[in-house]
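Contents: one structure, followed by commentary.
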Amino acid sequence: MADSSTQGIKTVLHPVSDLEAAKPVYAALLGIQPQADAPYYVGFDAAGQHIGLVPGGGPVAYWHVPDIEAKLAEVTAAGATLRDPVRDVGGGRLVATVADPDGNVLGLLQDP
């Protein structure tokens with residue numbers, strides 16, 4: 001049987017209306033400069049967590065899992081609704097999102 005445990009929330013994406021205005025605030029909060037800095041995404045790696053800034057959308061906390069397909073099947077069977085199916089966002093990193101019964105978005109993330 002596949003391991004469908006979680007490794008905790010290690011990635012949180014925050015929606016911002018202005019990446020350039022938000023970047024120094026998060027740099028001051030985290031005490032580091034961003035490791036990824038593009039017009040569509042700014043990312044910070046701090047204390048074992050990844051904090052990302054993205055234009056628009058809503059905040060999403062990503063639960064890291066060793067087997068995203070197994071966890072996705074498990075949570076949808078338990079009543080979650082699929083929002084975004086599994087997709088590769090680069091370098092073999094897989095992400096998907098579901099909504100709980102109250103509409104809260106939960107992210108799943110599997111690193112290669």
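As the structure is a computational prediction, the values presented were derived from the model and not from experiment. When reading the values below, keep in mind they use all heavy atoms of this one structure, side chains included, and skip hydrogens, waters and symmetry mates.
For the pair Tyr40 and Leu19, the minimum side-chain heavy-atom distance is 4.5 Å or more. For the pair Asp111 and Arg93, the minimum side-chain heavy-atom distance is below 4.5 Å. Side-chain atoms of Trp63 and Lys71, non-hydrogen and from C-beta on, never get closer than 4.5 Å to each other. A heavy-atom distance below 4.5 Å is found between the side chains of Gln35 and Phe44.
By the rule that hydrophobic residues join a cluster once side-chain heavy atoms approach within less than 4.5 Å of another member, Tyr62 and Leu94 end up as members of separate clusters. In the hydrophobic clustering of ILVMFWY residues, with side-chain heavy atoms under 4.5 Å counting as a link, Val25 and Tyr41 come out apart. In the hydrophobic clustering of this structure, Ile9 does not group with Val54; members are Ile, Leu, Val, Met, Phe, Trp, Tyr whose side-chain heavy atoms approach within less than 4.5 Å, directly or through other members. Under the 4.5 Å side-chain heavy-atom criterion for ILVMFWY residues, a single connected hydrophobic cluster contains both Tyr26 and Val42.
The shortest heavy-atom contact between Asp45 and His50 is OD1-ND1, 2.6 Å. For the pair Gly91 and Asp88, the tightest heavy-atom approach, listed with the atom from each and the gap, is N-OD1, 3.9 Å. Pro66 and Ser5 get closest at one heavy-atom pair: CD-O, 3.1 Å. Residue Pro55 comes nearest to Pro39 through the heavy atom pair CG-O, 4.2 Å, listed as atom of the first residue, atom of the second, then distance. The minimum heavy-atom distance between Ala46 and Leu30, with the atom names listed, is CB-CD2, 4.2 Å. Between Thr97 and Gly107 the shortest heavy-atom distance is CG2-CA, 4.0 Å.
Between Arg83 and the choices Val105, Val98, Val60, the side-chain contact (heavy atoms from CB on, under 4.5 Å) rule is met once, by Val105.
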Determine, stepwise, if the pair Val12 / Gln49 fulfils side chain to side chain contact (heavy atoms under 4.5 Å, CB included). CA-CA 8 Å; Val12 178; Gln49 294 184 316; 5.8 Å; no
Any chance you could lay out the side chain to side chain contact (heavy atoms under 4.5 Å, CB included) test for Val75 and Leu106, step after step, and finish with the verdict? CA-CA 10 Å; Val75 297; Leu106 307 172; over 6 Å; no
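Rounding to the nearest 0.5 angstrom, the gap separating the CG atom in Leu13 from the CD1 atom in Ile51 is 8.5 Å. Between the NZ atom of Lys10 and the CG atom of Leu109 there is a distance of 9.5 Å, given to the nearest 0.5 Å. Summarising the geometry, atom OG1 belonging to Thr6 is positioned 10.0 Å from atom CD belonging to Glu74; distances are rounded to the nearest 0.5 Å. Residue Leu53 holds its CG atom at 11.0 Å from CG of Asp18, rounded to the nearest 0.5 Å.
Not one N or O on the side chain of Asp102 forms a donor-acceptor pair closer than 3.5 Å with the backbone of Asn104.
For Gln33, the CD atom is loosely surrounded, since the number of other residues' heavy atoms within 6.0 Å does not exceed 12.
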